[in-house]
Amino acid sequence: MDLSLDGKIALVTGSTKGIGKAIALALAAEGATVVINGRSQQSVDEALASFPKGSHGVAADVGTGEGAAALVKAVEAIGPVDILVNNAGIFEPKEFPEIPDADWTKLFEVNVMSGVRLSRALLPGMIARNWGRIIFIASESAINIPQEMVHYGVSKTAQLGLSRGIAEYTKGTAVTVNAVLPGPTLSEGVEDFVDSLGAQHGQSRTEFEAEFFKTVRPTSLLQRFATTDEVANFVTFLASPRAAAINGAALRVDGGTVKSAF
């Protein structure tokens, strides 16, 4: 299927690895001009080597107001942004009584406020041009708040409200705003996390994965970690003109982890 993304400019935050990189590569494969983003110039340069000629990279910490502003300025020098994928995010397993205010603030600055700042800056241009896509990469943890990282789950719930609220501004236009909720996905960060926990329990990755879906995510129908490409394929469709009728939605790519039909 031709997704008609030739000539579109796409900005994907937190895209030097993991789901973000997979999304950016998928958009580039469909003909979009992609701008990848990471916090360090080294990580951006290393990731950019995997992308086709004509792709761009901007080093900026979108977890700060200054970094988000610098990213917007750099990207607008390339051209008007048609697709914004708010993917940048962090997580940490920590029991609720042990989470200090500083950790709550840090997660909200990166997971929520980065999307607030970038969407606020780029939405007006999309409305004026009468075409655009804003996509928040949330998580099934937005619905199934994980006991081991409540602050992460709450930040992802906030993304759902944020995306729906912004979507209200697009009424009657060809701009859409949606959230995507991946389930457990084997990105580099999760891969390291799995290997670390598995080693602590003397388990191989395969053994840990089987135990994880048996005890931690037993509702998963997939019963394995999704790949980053499986998430990226859906996001790429959602970013395309083919998905014009999907707006203001929270869409799950969770392998059936959320036990609800709605």
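Just so it is clear, the structure is predicted and the values come from calculations on it, not from any experiment. Throughout, residue positions are numbered sequentially from 1 according to the sequence presented.
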Take Thr236 and Glu30 through the test side-chain contact (heavy atoms from CB on, under 4.5 Å) and record every step on the way to the result.
CA-CA 8 Å; Thr236 302; Glu30 290 294 332; 3.8 Å; yes

Yes or no on side-chain contact (heavy atoms from CB on, under 4.5 Å) for Leu107 and Val154, after CA distance, side-chain angles and deciding distance?
CA-CA 10 Å; Leu107 259 73; Val154 172; over 6 Å; no

Verdict with reasoning, Ser40 to Ser43, per side-chain hydrogen bond (donor to acceptor under 3.5 Å, both in side chains)
CA-CA 5 Å; Ser40 74; Ser43 67; 3.0 Å; yes

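Although no hydrogens or angles enter the test, the distance criterion places no donor-acceptor pair under 3.5 Å between the side chain of Ser55 and the main chain of Phe51. Judged purely by atom type and a 3.5 angstrom limit, Asn111 has no side-chain atom pairing as donor or acceptor with the backbone of Ser155. Distance alone, capped at 3.5 Å, places no donor-acceptor pair between the Arg39 side chain and the Val44 backbone. Remark: the backbone N or O of Val177 is not paired with any side-chain donor or acceptor of Ser163 at under 3.5 angstrom. Without hydrogens or angle criteria, Thr157 side chain to Ala142 main chain gives a donor-acceptor distance under 3.5 Å. Looking at Lys156, its side chain does come within 3.5 Å of a backbone N or O of Ile137 through a donor-acceptor pair. Not a single donor-acceptor pair under 3.5 Å links the side chain of Arg252 to the backbone N or O of Thr257. A donor-acceptor pair is defined here as one N or O able to donate and one able to accept, closer than 3.5 Å; such a pair exists between the side chain of Asn37 and the backbone of Val58. Using a distance-only test at 3.5 Å, with no hydrogens or angles considered, a donor-acceptor pair links the side chain of Asn130 to the main chain of Ala174.
Atom CD1 in Ile23 sits 9.0 Å away from atom OG1 in Thr228 (nearest 0.5 Å). Rounding to the nearest 0.5 Å gives a distance of 5.5 Å between CE of Met126 and CG of Leu84. Rounded to the nearest 0.5 Å, atoms CG (Asn86) and CE (Met113) are 11.5 Å apart. Between atom OG of residue Ser139 and atom CG of residue Asn144 there is a gap of 9.0 Å, rounded to the nearest 0.5 Å. Residue Ile78 holds its CD1 atom at 8.5 Å from CG of Leu11, rounded to the nearest 0.5 Å. For the atom pair CZ of Arg120 and OH of Tyr169, the computed distance is 11.5 Å after rounding to the nearest 0.5 Å.
In this structure, the side chains of Phe213 and Thr219 stay at 4.5 Å or more apart for every pair of heavy atoms. Taking 4.5 Å as the limit, every side-chain heavy atom of Ile9 sits out of range of all side-chain heavy atoms of Ile83. Annotation: side chain of Asp82 is not in contact with side chain of Arg133 (no heavy-atom distance under 4.5 Å). With a 4.5 Å cut-off on side-chain heavy atoms, Leu123 and Val175 count as touching.
By the rule that hydrophobic residues join a cluster once side-chain heavy atoms approach within less than 4.5 Å of another member, Trp104 and Ile145 end up as members of one cluster. When the side chains of ILVMFWY residues are joined at heavy-atom separations under 4.5 Å, either directly or via intervening members, Trp131 and Val75 end up in two distinct hydrophobic clusters.
Shortest non-hydrogen contact noted between Ser204 and Glu207 is N-OE1, 2.8 Å. The minimum heavy-atom distance between Ile90 and Tyr152, with the atom names listed, is O-CD1, 3.3 Å. Among all heavy-atom pairs drawn from Gln159 and Phe136, the shortest one is NE2-CD2, 4.3 Å. Nearest heavy atoms, Ser187 versus Ile19: CB-N, 4.3 Å. Taking each heavy atom of Ser114 and Ala88 in turn, the nearest pair found is OG-O, 4.4 Å. Closest of all the heavy-atom pairs between Phe108 and His151 is CE1-O, 4.4 Å.
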List the atom pairs, with distances to 0.1 Å, where a side-chain N or O of residues 59-71 and a protein N or O form a donor-acceptor pair under 3.5 Å, not counting sequence neighbours.
unit_1, atom_1, unit_2, atom_2, d
Asp61, OD1, Gly63, N, 3.0
Thr64, OG1, Asp61, O, 3.0
Thr64, OG1, Gly67, N, 2.9

I'd like a table of donor-acceptor pairs (distance under 3.5 Å, sequence neighbours excluded) in which one partner is a side-chain atom from residues 178-185, with atom names and distances.
unit_1, atom_1, unit_2, atom_2, d
Asn178, OD1, Gly248, N, 3.1
Asn178, OD1, Ala249, N, 2.9
Asn178, ND2, Ile246, O, 2.9
Thr185, OG1, Gly183, O, 2.8

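Judged by distance alone, the side chains of Thr176 and Asn247 never bring a donor and an acceptor atom under 3.5 Å apart.
With sequence neighbours excluded, the residues forming a side chain to side chain contact (heavy atoms under 4.5 Å, CB included) with Val72 are Glu76, Leu118, Ala121, Leu122, listed by chain and number. Residues passing the salt bridge (Lys or Arg N to Asp or Glu O under 4.0 Å) test with Arg205, sequence neighbours excluded: Glu191, Asp195.
The aromatic rings of Phe225 and Phe212 lie parallel to each other, their planes meeting at an angle below 30°, with 60° marking the opposite boundary.
Under the 4.0 Å criterion applied to side-chain N and carboxylate O atoms, Glu140 and Arg217 are assigned as salt-bridge partners.
For residues 168-179, every residue pair satisfying the salt bridge (Lys or Arg N to Asp or Glu O under 4.0 Å) rule, not counting sequence neighbours, is listed here: Arg164-Glu168. The list of salt bridge (Lys or Arg N to Asp or Glu O under 4.0 Å) pairs with a residue in residues 97-113, not counting sequence neighbours, reads Lys94-Asp103, Glu109-Arg117.
Residue-environment remark: CD (Glu92) exceeds the threshold of 12 foreign heavy atoms within 6.0 Å. Counting heavy-atom neighbours within 6.0 Å of Gln42 CD, excluding the residue itself, gives a total of 12 or less.
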